[in-house]
Each structure stands twice: as structure tokens, then as C-alpha cells.
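One structure is given here, and the rest of the page talks about it.
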Amino acid sequence: MNSPVRPNVLGMTPYSPGKPIDEVKRELGLTEVVKLASNENPLGPSPMAMAAVRRAAETMHIYPDASGHDLVQAISRKFNVPAWNIVLGNGSDELIHLLGLVLIDAPLDEVVVGDPSFVRYDAAAQLAPCKLVKVRLDSGDRHDLTAMAAAVNEHTKLVFIANPNNPTGTIVNRTELDAFLRDLPERVVVALDEAYFEFAAHEPSYPNSLDYIRDGRSVIGLRTFSKAYGLAGIRLGFGFAPAAIADGIQRAREPFNVNALAQAAGIAALQDDEHLRRTLRANAEGMKTLTAAFEKHGCAVRQSYANFIFADIGRPAQPVFQSLLEQGVIVRSGHVLGCPTALRVSIGTPEENSTFVEVFDVAMRQPAGAR
Ligand SMILES: *Cc1c(COP(=O)(O)O)cnc(C)c1O
């Protein structure tokens, strides 16, 4: 029987989350499994956010505030941006989908993305549906803004730039982005995905979407509570957008897209500066440990501005990924990202990082391509 589902939807691949810890334990008979594959916060959520969620649980029979008023106010104060430029999402993933819904209006429209970059951008274009234009990263695994500018034509509606990029951890700097935006036709919207903003903010040349929005540019900044703030499980993202685009998103979104517990968690997490500081410190330490582990084996490590490392291990990554898995460590294989000799490893706790260093040594001592 022919499927009644729209052909563009049938052409989509369901998200593959990497193996759940319990499944790996069961299949491989392991008791200890470490997951360094989803860029979550190894320190866990902010204790203040946990307390806020416990309090909010008392009233979870009541619908959430549909406007997210208190959370929007908290974001407005924290980032010094007017409320009408702020949108909330059930994770920034939802905001990516909403951008497709709100901005794409014909099959001839085009969306330009980096390759490899975050896979949810593809989904936003495929759902519309419209044409997805993928532009290879440059030789430094950074967004190639010159090539992306060249890919823009009269059909282009939306450009996604993950900054830092996932999976490579690389950034484009302010000078490069300024030049890209200067030459871009006014009607093209640029979504700057700043999911790892907090980890990159120490770099003086790192651009901030807010500066462009204040300047009246058609730029959207996407932020999330899933990474540095440690709230991935409760699903909470936010965005900064020019008023007209924010208004479009407010019309298109579900009224209760951000649940009451997430709103409470977000407000509390924004106040917990200490947890954020500890997170950034632990990440910087772990980054050194993992970088050294890769470099010891002659791997090319990209300088990462995020909470994960992308390394070219100079041999097929799949057998190494499998060896790590059998030793109880789950990472991301570049195999699935079109980088067959690369691994992406999230920074973990000091203990998890040490475990990775040990099992990676074992995996790399096996002959390349063995098994
Ligand atoms: C993790 C991630 C997100 C998704 O964040 P959620 O808020 O959890 O949906 C968005 N963009 C990039 C580049 C990411 O790595």
C-alpha cells in the first residue's frame, strides 16, 4: 500500500540518538558505561533549577503561562534585550522547526547550511518542503562563509550558521561574519545557532547575534538551556529575533510549547552564576585532558569553542568507535556525519575523561581497520 504520508516527510530520516546507556550495558554485558556523545553538562543541572522544579511540581495541574512572562523577563534582564525580541521554544530544536514554518513559503525557496553541521536544519527545509543547499566546511572545518555567500541566490530565504559549529566545535569570527552580512541581500534571514555560546564567549573575536539584531539586521540568535545550563532533559531553548520575525513565531507556535517546569527551571538556572562558572572551568580542564589524549596518538584536533572535541584520528573511525563502545564508552563516530575518520567526544567529568583516555589508548593500539 502506498503511504498516505507526504513524500517530503517520507524522505526524512528519524533522529538517531546514539545508543542509550542501558541498551549498551545489556548488549555488551557491561556494568559501567560512560556516554560522551550528546554534549550534555557532566556536572548535572543547577541545584537552584532542581529546587525550582520541585516547587513547580506542586502546581503542575495548572496550564503553564502561555507567554512565559517571567522567563522572558528574566532573559530580557540578563541579556539586556527587549521582550519583543525574545522567543521561547521546547528546546532550540523547536525554534529551528518554527523558522522553517514561518519563513519558507514555496518549494522553490532555498535554505543554505554548512556541511557537516547540525542536522535539524535539514529537517526544517525538508518539512517545508523546499530546497536544501549544503555548503562544505572549509579546510579548517569552519563554515566557509565565502562559499555560503556564493550559494545565496534570489530563492534563498534562510541561512543557518552554527557558531560554534556542531560537530566540529569551530567558530567564525566577527570580522568574517560582518563581511558576510554586509554583502548579503537584506531579505535573507541568517539564523546564528549559539547553542554553545557560553563556552565560546571568552574568545574576544567571537561574535554575538544580539549585536546584529540591535543593528537592525535580519539575524536570529538561537540559545539553549540544554548545554552549559544542564537542562537538556526538560527541553528549553530561546531565541533573539527582530520584532517582525519574533511576532511570526509567536503566531505559529503552540500556545503551551514551553511547559511549566521548564519555565521555572530556566528562571532559576539563569540566576545560578556559580554553576555556570563551575561548568566552564570543568570544561576547560577536560578539554586539555582530551586534547592531550588525542595528540598523543598523532590525531589532528580542531580547536573547539564548545563542550566537545572533534578529532581526525587518521584512520577509519568506525572500528575505534566500536572498540570504545565495547569498553563502555559511547562517543559519536564521524562516520554518520560524512567524516569517516573523525570522532566527536563530549567533555565529561574528570573521572569520565580519565576513562576515555584509558580506553582510547587501548582502541588505538589495535591495528587500524582490524576486526
Ligand atoms: C544541542 C544543539 C541544539 C539543540 O538544543 P536543544 O535546545 O536541546 O533543542 C541546537 N543547535 C546545536 C548546534 C546543538 O548542538
Side-chain angles (χ1 to χ4, degrees), residues 15-18 35-42 44-45 49 68 71 75 86-101 111-125 127 134 137 141-143 158-172 190-201 206-207 209 220-241 249 253-254 257-259 261-263 265-266 269-270 279 283 302 304-310 331-332 334 336-337 339 344-347:
Y15 176 69
S16 119
K35 187 167 183 184
L36 300 176
S38 298
N39 307 338
E40 292 140 342
N41 189 329
L71 176 56
I75 292 170
I86 298 171
V87 290
L88 303 177
N90 183 35
S92 54
D93 277 355
E94 188 198 16
L95 294 172
I96 292 166
H97 275 218
L98 280 167
L99 284 179
L101 270 178
V111 174
V112 176
V113 302
D115 182 25
S117 188
F118 193 52
V119 288
R120 298 318 296 171
Y121 311 147
D122 301 21
L127 269 177
K134 293 191 161 207
L137 301 184
D141 287 331
R142 297 165 359 108
H143 275 90
L158 180 59
V159 178
F160 280 104
I161 299 171
N163 204 38
N165 189 38
N166 180 1
T168 57
T170 53
I171 57 168
V172 294
V190 176
L192 281 181
D193 186 343
E194 299 172 327
Y196 302 95
F197 179 88
E198 297 80 7
F199 298 104
Y206 178 61
S209 59
I220 292 157
L222 297 174
R223 305 275 178 99
T224 181
F225 282 92
S226 296
K227 307 289 160 60
Y229 290 105
L231 299 179
I234 212 160
R235 313 302 302 128
L236 182 58
F238 58 108
F240 305 125
I249 290 172
R253 70 174 175 86
E254 296 172 44
N257 63 333
V258 176
N259 73 70
L261 304 187
Q263 291 185 29
L270 282 180
T279 298
N283 190 65
R302 287 291 171 217
S304 170
Y305 293 88
N307 63 350
F308 56 84
I309 269 195
F310 187 75
V331 301
R332 276 277 181 177
V336 286
L337 302 162
C339 314
R344 193 197 72 188
V345 183
S346 308
I347 310 299

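Nothing fancy with the numbering, it's 1 onward along the sequence. Counting starts at 1 for both ligands and their atoms, following the listed order.
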Who are the side chain to side chain contact (heavy atoms under 4.5 Å, CB included) partners of A162, not counting sequence neighbours? S117, Y121, H143, N165, D193
With the criterion set at N/O pairs under 3.5 Å, what does the list of contacts between the protein and ligand 1 look like, atom names and distances included?
unit_1	atom_1	unit_2	atom_2	d
ligand 1	5 (O)	S92	OG	3.2
ligand 1	7 (O)	S92	N	2.7
ligand 1	7 (O)	S92	OG	3.1
ligand 1	7 (O)	T224	OG1	2.5
ligand 1	7 (O)	S226	OG	3.4
ligand 1	8 (O)	S226	OG	2.6
ligand 1	8 (O)	R235	NH1	2.8
ligand 1	8 (O)	R235	NH2	3.3
ligand 1	9 (O)	S92	N	3.2
ligand 1	9 (O)	D93	N	2.9
ligand 1	9 (O)	D93	OD1	3.4
ligand 1	9 (O)	R235	NH2	2.8
ligand 1	11 (N)	D193	OD1	3.3
ligand 1	11 (N)	D193	OD2	2.6
ligand 1	15 (O)	N166	ND2	2.8
ligand 1	15 (O)	Y196	OH	2.6
ligand 1	15 (O)	K227	NZ	3.1

Is there side-chain contact between K134 and V112, with at least one heavy-atom pair below 4.5 Å? no
Pick out which of P167, S304, P116 makes a side-chain contact (heavy atoms from CB on, under 4.5 Å) with F310. P167
Can you list everything that forms a salt bridge (charged side-chain N to carboxylate O under 4.0 Å, His left out) with R223? Sequence neighbours excluded, please. E194
Could you grab the distance from atom CG of L98 to atom CG of N90, nearest 0.5 Å is fine? 10.0 Å
Please enumerate all residues that pass ring pair (Phe, Tyr, Trp, His ring centres under 6.0 Å) together with Y196, with sequence neighbours excluded. F308
